[in-house]
Amino acid sequence: MNSTITQTREIHLASRPEGMPTAENFALVNQSLSPLTDGKVLIKNLWMSVDPYMRGRMVDRKSYVPPFALNQALEGGAIGEVIASKNTDFPVGTKVSSMLGWREHAVTDAAGLTALPQTELDSSHFLGVLGMPGMTAWTGLTRIADLKAGETLFVSAASGAVGSVACQIGKLMGARVIASVGSDEKAALLQSYGVDAIINYKTCGNLTQALTKAAPEGIDVYFENVGGEHLAAALSNMKDHGRIAVCGMISQYNDTAPTPGPDNLALIVMRKLKLEGFIVSEHWAHYTEFATKMAQWLAEGKVKAEQTIYQGLEQAPDAFIGLFEGKNRGKMLVKLA
């Protein structure tokens, strides 16, 4: 290992949040690196991702992924460069993706590392439009909801990392797209993407009525990112045999007590709706198909990759908290180098 790098900095989970996370739940820690033994590489992280799903892992409960451990480095998507190697599959200079975010360096074996393809695109896009968020949007529309040309699509949290891509893919698939956002600035962003109708849910008054006005003939597909009032409004406006792809429910992630469900769930039966939750990792076998299409769309300028970037590892907690304060347009990233 490069003898000049024996320590790194990491963000640890210092305490489990109750409600909205605060800076006090995180700690910036100096950590010694383990020796570089055969089969291992030293990675210098260039970018790391913060994502809403990470909030669930901060709670000590059983879920589809284990909870984060206290007083240890958090985990998440990262893009790095191999700067020392004892693994012939990952020579020095290789750009890699991993789940070793929330730290500046990592010594690891090949498990969990993916070498990035040679491309003129900035490597940060493999954490966003070409990574998990983009793959989530594509999976929800094509594999879960089976969106068809000519249909009406409603997307909540539409300016976020997943929602902004879902809106653009929906347009490319020939749908009429309605978006919900929380500010006029975000509405302008979606308008630049060619979205057909945009609702500012903070200023529109009754969301159900605003959605009815935007989609007087009803909604065929709802891409669910928010839950709560948005789900209730969508259910009230779904067409018969409509489909709801449930990606997340960010409005509830920081709740300290159970949130009452929508009072119109009976519409699922009355309108013969399909409502399906999904975790994108279970669909990763189709990543190559997605990435091939997305790379072409990006090269042709048909998809725009919006990013909100914080600088430096010490800013990672603020970036994460900012997700729940609506501070991101597109993918929220932390630049580490």
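V29 and V107 are assigned to two separate hydrophobic clusters, defined by single-linkage of ILVMFWY side chains at heavy-atom distances under 4.5 Å. The hydrophobic cluster containing L74 also contains V65, counting ILVMFWY residues as joined when their side-chain heavy atoms lie under 4.5 angstrom apart, directly or transitively. In the hydrophobic clustering of this structure, Y253 groups with Y53; members are Ile, Leu, Val, Met, Phe, Trp, Tyr whose side-chain heavy atoms approach within less than 4.5 Å, directly or through other members. Under a hydrophobic clustering in which Ile, Leu, Val, Met, Phe, Trp and Tyr are joined whenever their side-chain heavy atoms come within less than 4.5 Å, directly or via other members, L116 and L42 fall into different clusters.
In E217, the CD atom is not crowded: 12 or fewer heavy atoms of neighbouring residues, nucleotides or ligands sit closer than 6.0 Å. A 6.0 Å sphere centred on CD of Q191 holds no more than 12 heavy atoms belonging to other residues, nucleotides or ligands.
The list of ring-ring contact (aromatic ring centres under 6.0 Å, His included) pairs with a residue in residues 146-198, not counting sequence neighbours, reads F154-Y222. Residues in residues 165-174 take part in these side-chain hydrogen bond (donor to acceptor under 3.5 Å, both in side chains) pairs, two or more places apart or across chains: K171-D196. Note on residues 300-337: pairs passing ring-ring contact (aromatic ring centres under 6.0 Å, His included), not counting sequence neighbours, are F320-F324. Residue pairs meeting the salt bridge (charged side-chain N to carboxylate O under 4.0 Å, His left out) criterion with at least one partner in residues 55-67, sequence neighbours excluded, are R57-E75. Within the structure, the salt bridge (charged side-chain N to carboxylate O under 4.0 Å, His left out) test picks out the following pairs touching residues 231-257 (sequence neighbours left out): E151-R243, D220-K239, D240-K272.
Judged by distance alone, with hydrogens and angles left aside, the side-chain atoms of S97 form no donor-acceptor pair with the main-chain N or O of I79 at under 3.5 Å. Between the side chain of K335 and the main chain of G312, no donor-acceptor pair closer than 3.5 Å is present. A donor-acceptor distance shorter than 3.5 angstrom exists from the side chain of D109 to the backbone of A111, with no hydrogens or angles considered. S164 places no side-chain N or O within donor-acceptor distance of the main-chain N or O of A158, the cut-off being under 3.5 Å. Side-chain atoms of D318 never come within 3.5 Å of backbone atoms of Q315 as a donor-acceptor pair (strictly under, hydrogens ignored). With hydrogens and angles disregarded, a donor-acceptor distance shorter than 3.5 Å links the side chain of S192 to the backbone of L189. Q209 places no side-chain N or O within 3.5 Å of a backbone atom of T212 that could act as its donor or acceptor partner. For the pair T94 (side chain) and F90 (backbone), a donor-acceptor distance under 3.5 Å is absent.
For E24, there are no salt bridge (charged side-chain N to carboxylate O under 4.0 Å, His left out) partners two or more places apart in sequence or in a different chain. For T8, the side-chain contact (heavy atoms from CB on, under 4.5 Å) criterion is met by E10, Q31, L33, E104, H105, not counting sequence neighbours. With sequence neighbours left out, E314 forms a side-chain contact (heavy atoms from CB on, under 4.5 Å) with R9, L28. Applying the side-chain contact (heavy atoms from CB on, under 4.5 Å) rule to E185 yields the partners S183, R329; only residues at least two apart in sequence or on another chain are considered. Qualifying side-chain contact (heavy atoms from CB on, under 4.5 Å) partners for T108, counting only residues two or more places apart in sequence or in other chains: V41, I43, L100, L113. Listed by chain and number, the residues in a salt bridge (charged side-chain N to carboxylate O under 4.0 Å, His left out) with K304 amount to none (sequence neighbours excluded).
Across all non-hydrogen atoms, the minimal contact from S49 to L333 is CA-CD2, 4.3 Å. The nearest pair of heavy atoms linking G182 to K202 is O-CD, 3.2 Å. Here the shortest heavy-atom pairing between I83 and I5 reads CD1-CD1, 3.5 Å. Here the closest heavy-atom approach between residue I321 and residue A23 is recorded as CD1-N, 3.9 Å. Taking both residues in full, the closest heavy atoms of G134 and I169 are given as O-CD1, 4.5 Å, listed atom of the first, atom of the second, then distance. Nearest heavy-atom pair across V177 and G170 is CG2-C, 3.9 Å.
A salt bridge links K331 with D51: the distance from a Lys NZ or Arg NE/NH1/NH2 to an Asp or Glu carboxylate oxygen falls below 4.0 Å. A salt bridge is defined here as a Lys NZ or Arg NE, NH1 or NH2 lying under 4.0 Å from an Asp or Glu carboxylate O, and K40 with D38 fails to meet this definition.
A donor and an acceptor atom, one from each side chain of N264 and S236, are located under 3.5 Å apart. Of the N and O atoms on the side chains of D184 and N200, at least one donor lies less than 3.5 Å from an acceptor on the other residue. Residues Q296 and E300 bring a donor and an acceptor atom of their side chains to less than 3.5 Å of each other. Under the 3.5 Å distance criterion, with hydrogens and angles disregarded, a donor-acceptor pair is assigned to the side chains of H286 and R143.
Between K302 and L172, the closest side-chain pair of non-hydrogen atoms falls below 4.5 Å. Counting only heavy atoms from C-beta outward, the side chains of L273 and L275 never approach each other to under 4.5 Å. Side-chain contact check for W138 versus V165: every heavy-atom pair is 4.5 Å or farther apart. Side-chain contact between K95 and L46: present, with at least one pair of heavy atoms (C-beta onward) separated by less than 4.5 Å. Taking 4.5 Å as the limit, every side-chain heavy atom of V334 sits out of range of all side-chain heavy atoms of I309. For the pair I178/I198, no side-chain contact is recorded, criterion being any heavy-atom separation below 4.5 Å from C-beta on. A 4.5 Å side-chain heavy-atom check between V155 and L190 finds every atom pair outside the cut-off. When side chains are defined from C-beta on, T136 counts as touching F278, because their heavy atoms get closer than 4.5 Å.
For an aromatic pair to be called close, the ring centres must be under 6.0 Å apart, and H230 with Y201 satisfies this.
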Next item on the list: Report the C-alpha separation of E276 and K274 in whole Å, then their side-chain angles, then the decisive distance to 0.1 Å, and conclude whether the salt bridge (Lys or Arg N to Asp or Glu O under 4.0 Å) test is met.
Entry: CA-CA 6 Å; E276 183 176 349; K274 173 187 173 184; 3.5 Å; yes
Next item on the list: Give the C-alpha distance, both sets of side-chain angles, the deciding distance and a yes or no for side-chain hydrogen bond (donor to acceptor under 3.5 Å, both in side chains) between S124 and Q307.
Entry: CA-CA 9 Å; S124 64; Q307 296 177 327; 2.9 Å; yes
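When hydrophobic side chains of Ile, Leu, Val, Met, Phe, Trp and Tyr are connected at separations under 4.5 Å, V92 ends up as a singleton with no cluster partners.
Here L235 contributes atom CG and M270 contributes atom CE; the two are 11.5 Å apart, rounded to the nearest 0.5 Å.
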